[in-house]
Each structure stands twice: as structure tokens, then as C-alpha cells.
Amino acid sequence: MHFVGIDLAWGDRSPTGLAVIDGDGALVAVTAVQDDDAIVAALAPYVEGECLVAIDAPIVVPNATGNRRAEAALNKDFARFDAGAHPANTGKPEFREQPRAARVAARLGLDINPRSRRPRRAIEVYPHPATVVLFRLGRTLKYKDKAGRDLEQLRAELVVLIGLVEGLAAAEPPLRVASLPAWQELRAAAETATRKSELRVVEDQVDAVVCAYVALFAECRPEATTTYGDLESGYIVTPTLPADLEPTPRARRGAPPLDVGSAVRRYAELQPGLRAVTDGFVALVTSILDEAGINYLTVTGRTKSVTSFAAKAAARTVEGRPVYTDPLNEITDQVGVRVITYVHSDVQAVVDLLDDQVVVHDDRDLGQETASEGRFGYSSRHLLVGLEPGADSVLQGHQAAIQIRTVLQHAWAEFEHDIRYKGSVPPEHVLELDRRFTLAAGLLELADREFSTIRDLLQGPVAPAGAGDEDLDEDDPRISPRELAAFLAGQYADAGWSRTDHYAWISALVLELGITSLGALGEALRSVDDEALRARMGYRYPPGAVRRLDDALLWVYGERYVELRGNAHRAPALRARWARMQD
């Protein structure tokens, strides 16, 4: 099924924006055309089959004067957000005969009844109230050209809207626009426009995308969609206004208000830059864990979407007071990193390691908090981290919210979130659902403990599964990762397992030293004073076997080891460790 948006111009001489979204929420087309023939030709491939076409223009206009009943009802809800609809009546030349939107729908062969369930339909929509609801705006964005608005203001507001639309990738239903080259061209055109007419071309197409998303939203979430009016008197379809959304107070002269809408606009401007910060924190955490030899499953990151930020910024207490008085500074999970470990004991190891390497501003053990209440449920360690003041890094001045949890804790949390917040649970099943989630949480906590026990029992002379040598051919002179893993399990019986790929990595470094057999490696390590080495390194965490070997090779070979080609990316860190060994 296709969802089509038409930002229909009021006259044939102005451009009309067109957009098409597929059934998975991906933007597949966006463009601007001039007349009805061009509209029909451009949309023909997308409306032959099942489709819902959302048109930003009146389709049914029976009244001779004033507002249609739909406009009056919509204005009652949205006028205070500056999102009221203009009156449509047959006293205006453009509606005296058949409205243009009705003509286009007829040429495309679409049913215009908003209650119809036929496979090929058209509905009337209005982007302004839709954006207020979807992005929880206190007032509409001022990207339309009107008296008193200069080019800079229009461009800034339009860029904010583009950022908000991109943030719908995390909405329900999702909208994914970023992968379409035409969308990237629209963003670039908005950011570099030097004339209002250039912005207008972009604006029409972005509005068409919003219209198409309203069609998708109405189809997927009819319970959260309102139809003002009816087929006989005219209608407008839009996402339902939340009961707790309030309009932004109008700015006092010389004092811009601190409100949710302003915070959302500012965050939309900042969010693209935060993506690089997110990537930086992911790289930092990954390098810290790899350097320590901690065994983990994944390290991933995400930058909070604009829509998610808007929803959180608008949160209120049960008494109705705002949760955040300064959302930009008080919402601290704008940059998020997630570390998934295999067993529960590794969670604390990661926490200890990060505490040693970065500044931990906050540390919450949500599993412990849940247990202290005598319950089973969500379990995860949450840190808020930053860098030391004066650190030479693009991350300086930023913070990251880091979640650390086991594979089983992650599986429970993701499934529970998906069911509770993305599904529809009938009221009569809520208590039963709570009981079953509690039971599952208790079983997974028990399983986590058993996995830790199994790992402790096997740790020592047994090599970790998966440390294979499938990628080595017969002529490869390296010690195979599998053989190396078995050797290290015996050499460092008290060490933890390392990541599977790290055995192959350290094997390549061993080869650079000219060592091609386990016998030669054992001979090279004979001079290492393990007790002195461990005392000087002062490990605050249980280092993996690969990290123990890495330190031992540094102890034996010193600067030669630092200068290996495979160590070029971490030479400063190795020299710092070498200095500690010599101290």
C-alpha cells in the first residue's frame, strides 16, 4: 500500500508538492509539479493499487459563506496553537465550481469518503495541526512566508521542520526519509537558500511529506486520529490533539519564553551535530573496553530523536506540573550508549572500568532499585558520564547516558517495551500481563546467575568457544586463534575470556614480533614477573586473557612492541602503560 501526500497549490501557476511513502514507512518519492496533468502523471504508478492519498486542500465545500463546520471545530482545538484553518466557502472563486482537490481525486479515481474502507481513497488533511500533535509544539513553526518574516527566520524554521520529520524514524508508525537522495537535496536546498522563492519550493515538498505521513498515521493509528466534520459538510483528518498539550505563552517583548516549543526548536537545530558526538562516545567506550580486554557483546549508540525529545520535554507529573523546567539541560540522555555484556559479573567490571577512565556524574542500578522494592522487573545499570575538564576532545562539554546490561536483561527490556508501548493490551489482560512479565524477569535473573556460575566453572584451562581459525589458510604463519586461546587459558588461568576477534588481533601482533609457535611464545614470556606486572598495573577490573598477554608482551619488548604496525592506533596508550610498568 502507498501513502501519498499532495500539498496542493491554490492556483495552477504555483508548484504543488508530492510525496509517496510505502507500507514500511520509507519515503520513496518527493517532488514538485505544476498542473493537474503533471500531478496525475507523477502519481499514476503509486495509486494504481491500494493507496491512501492525503490532500492539503479542501475537497468538499458546500457552504456559501464563512467556515465549514470542520474548520470551526478544528479551530476550537488548534487556533490557540496558531494552527487554525482558513475559511473555505463557495463565495471564493477557487471553490465556486468543483474544488481543485476534488478534481484531482476524481481524475485519480479515488473515493473521498473519510469513512470509506475502499482500497483506493483520498482524504483532506492540514499539516499545521498535524505538526503540533506529532512534534508536541507549543505553537506552529513559522516557515510560511508572511509579512515581517525575513529569509533567515523562514530558513531556520524550515530546517527545524526538516529535522523534526527526520526524527519520525523513531515514531510509531515510523517514517524513514534520510536514505532518499531527493530528501537530502531538499535539506541542502533549505540550508543554502538565498531567496524566499527557493525556500518555497522546499516547503511545498516537505509539507507533502507531512501529508503523506498523516495518511500513514491515520491508517495505522485510527484510535489516535480525529476527523473533524463529515462528507456532506466537508472534513479534515488530523492526529488527535493530546489532552495534556498546552500552547506556548506568547513571548514578552525582549524576553523569549523558556517553553517546550522553544526547547524543541533548539534541540532540532542541535541534534544533527549530536550524531557525531554519539559516534565519538561509542568509539571511546569501545576503545576503553577493548584496551582492558573486557568481553562484551556489543557497544551501540543513538542520538535522541527530535520527536522523542519533544515528548519527554512535555512530560508532566501526576499533579500536572512540568517534569522539566529547562529541557535542554535537564534531559541528559540526548546522547545514549548501550553496552551489552554476556554475564552479570561483567556489568560491574564495565562500570568499574568506566569509573576509572571517564567522569561519572551519576550511577543508578535500576535492578537493585527494583529488588529493594521486593519486585522482579527492569534491570540495568545507568551511568551519566563526561570527560575531565580540559580534555582535548570534541566530546568535551558533552555527556552521554550509558546503559549497561546483560544479554538476558536486554532481551527482557526490549520485549517488555515493545509490548507495553508499541502494542495494544486490552484492559482485561493488564494484570495477567504484569504477572507474566514478573515471572519472566525472575526466571531470567536466575538464568543470569547460572550463566555466571557456568562461566566461572569453565574459566581456566578451557578455551572460549568460537575462538576458531576458520579464516586462516594452511600457509598462514600465525598461531591460530583457537590454539592461542587454549594456550592463554592455561597461561592465565584466573583471567576472563576475551572477545573472539581479539584472539585473532593479538595473534597478528605476535607474528609481527617474529613468533610463529606456542613454544616460542612461551619462551618469550618466561622472563615476565607476573606478580610485579600485576602490582604495577593495579588492575581495577578483571582483565581478559588477551589483555594479560598484551601487557606481558609490552613488559618483554617495550618500545619495540609499541612501534609495531598493528599498534599504531594506540601507541600513546601503550607508552603510558609502559611507563607505569617501569615506575
* To do: Walk me through it: do Phe309 and Leu328 pass the test side-chain contact (heavy atoms from CB on, under 4.5 Å)?
  => CA-CA 9 Å; Phe309 178 88; Leu328 277 173; 4.0 Å; yes

* Beyond-backbone contact of Leu164 with Thr131, side-chain heavy atoms, under 4.5 angstrom -> no

* To do: Give the minimum heavy-atom separation between Leu158 and Ala190, together with the two atoms involved.
  => CD2-CB, 4.2 Å

* If every non-hydrogen atom of Val202 is compared with every non-hydrogen atom of Leu186, which pair is closest and at what distance? -> CG1-O, 3.7 Å

* Asked: Any Lys/Arg nitrogen of Asp22 or Arg176 sitting under 4.0 Å from an Asp/Glu carboxylate oxygen of the other?
  -> no

* Considering all heavy atoms of both residues, which atom of Ala552 and which atom of Tyr492 are nearest to each other, and what is their separation? -> CB-OH, 3.5 Å

* Asked: If you measure from CD1 on Ile506 to CG on Leu549, what distance do you get to the nearest 0.5 Å?
  -> 5.0 Å

* **Straight-line distance of Arg405 CZ to Asp346 CG, nearest 0.5 Å** => 16.0 Å

* Looking at Asp551 and Arg547, does any basic side-chain N land under 4.0 Å from a carboxylate oxygen? -> yes

* What's the spacing between Ile479 CD1 and Leu518 CG if we round to 0.5 Å? -> 4.5 Å

* To do: State whether the side chain of Glu191 and the backbone N or O of Val159 hold a donor-acceptor pair below 3.5 Å, judged by distance alone.
  => no

* Test item: Glu166 and Gln271 side chains (from C-beta on) under 4.5 Å apart, heavy atoms -> no

* Asked: Residues in ring pair (Phe, Tyr, Trp, His ring centres under 6.0 Å) with Phe281, at least two apart?
  -> none

* So do Val277 and Leu395 actually touch side chain to side chain, heavy atoms under 4.5 Å? -> yes

* Asked: Yes or no on side-chain contact (heavy atoms from CB on, under 4.5 Å) for Arg548 and Arg534, after CA distance, side-chain angles and deciding distance?
  -> CA-CA 9 Å; Arg548 292 283 297 277; Arg534 295 180 68 167; 3.8 Å; yes

* Asked: Taking C-beta and beyond as the side chain, do Leu383 and Val358 meet within less than 4.5 Å on heavy atoms?
  -> no

* **CA sep, side-chain torsions, deciding dist, call: Arg275, Thr278, side-chain contact (heavy atoms from CB on, under 4.5 Å)** => CA-CA 5 Å; Arg275 296 171 191 165; Thr278 302; 5.5 Å; no

* **Asp290 and Tyr296, any side-chain heavy atoms less than 4.5 Å apart** => yes

* Any chance you could measure Leu574, atom CG, to Met581, atom CE, to the nearest 0.5 Å? => 8.5 Å

* **Qualifying residue for side chain to side chain contact (heavy atoms under 4.5 Å, CB included) with Leu533, from Met537, Glu531, Arg536** => Met537

* To do: Please identify each residue that fulfils side-chain hydrogen bond (donor to acceptor under 3.5 Å, both in side chains) with Arg526, with sequence neighbours left out.
  => Glu523

* Is there a donor in the side chain of Asn567 and an acceptor in the side chain of Glu563, or the other way round, less than 3.5 Å apart? -> no

* **Greater than 12 external heavy atoms within 6.0 Å of Arg575's CZ** => yes

* Structure fact -> One should read off an interatomic distance between Leu525 CG and Leu488 CG, to the nearest 0.5 angstrom, of 8.5 Å

* **Min side-chain heavy-atom separation Leu274-His398 under 4.5 Å** => yes

* **Closest non-hydrogen atom pair, Gln396 against Pro389** => NE2-CA, 3.8 Å

* To do: Assess the side chains of Asp550 and Tyr561: does a donor N or O sit below 3.5 Å from an acceptor N or O?
  => yes

* Structure fact -> Tightest non-hydrogen contact, residues Val556 and Ala524, listed as CG2-O, 3.5 Å

* Asked: Quick one: CZ on Arg302 to CD on Gln334, what's the gap to the nearest 0.5 Å?
  -> 9.5 Å

* **Pairwise side-chain contact, Ile331 with Tyr267, heavy-atom cut-off 4.5 Å (strictly under)** => no

* Asked: What pair of heavy atoms forms the shortest contact from Ala171 to Tyr213, and how long is it?
  -> CB-OH, 3.8 Å

* **Glu269 side-chain N/O to Val160 backbone N/O, donor-acceptor pair under 3.5 Å** => no

* To do: Apply salt bridge (charged side-chain N to carboxylate O under 4.0 Å, His left out) to Glu223 and Arg221, showing your working.
  => CA-CA 5 Å; Glu223 78 288 350; Arg221 299 187 60 186; 3.7 Å; yes

* Asked: Between Leu284 and Val337, is any pair of side-chain heavy atoms under 4.5 Å apart?
  -> no

* Are the side chain of Gln399 and the backbone of Leu384 linked by a donor-acceptor contact shorter than 3.5 Å? -> no

* To do: Given side-chain contact (heavy atoms from CB on, under 4.5 Å), test Ile402 with Val350 step by step and report yes or no.
  => CA-CA 11 Å; Ile402 302 181; Val350 173; over 6 Å; no

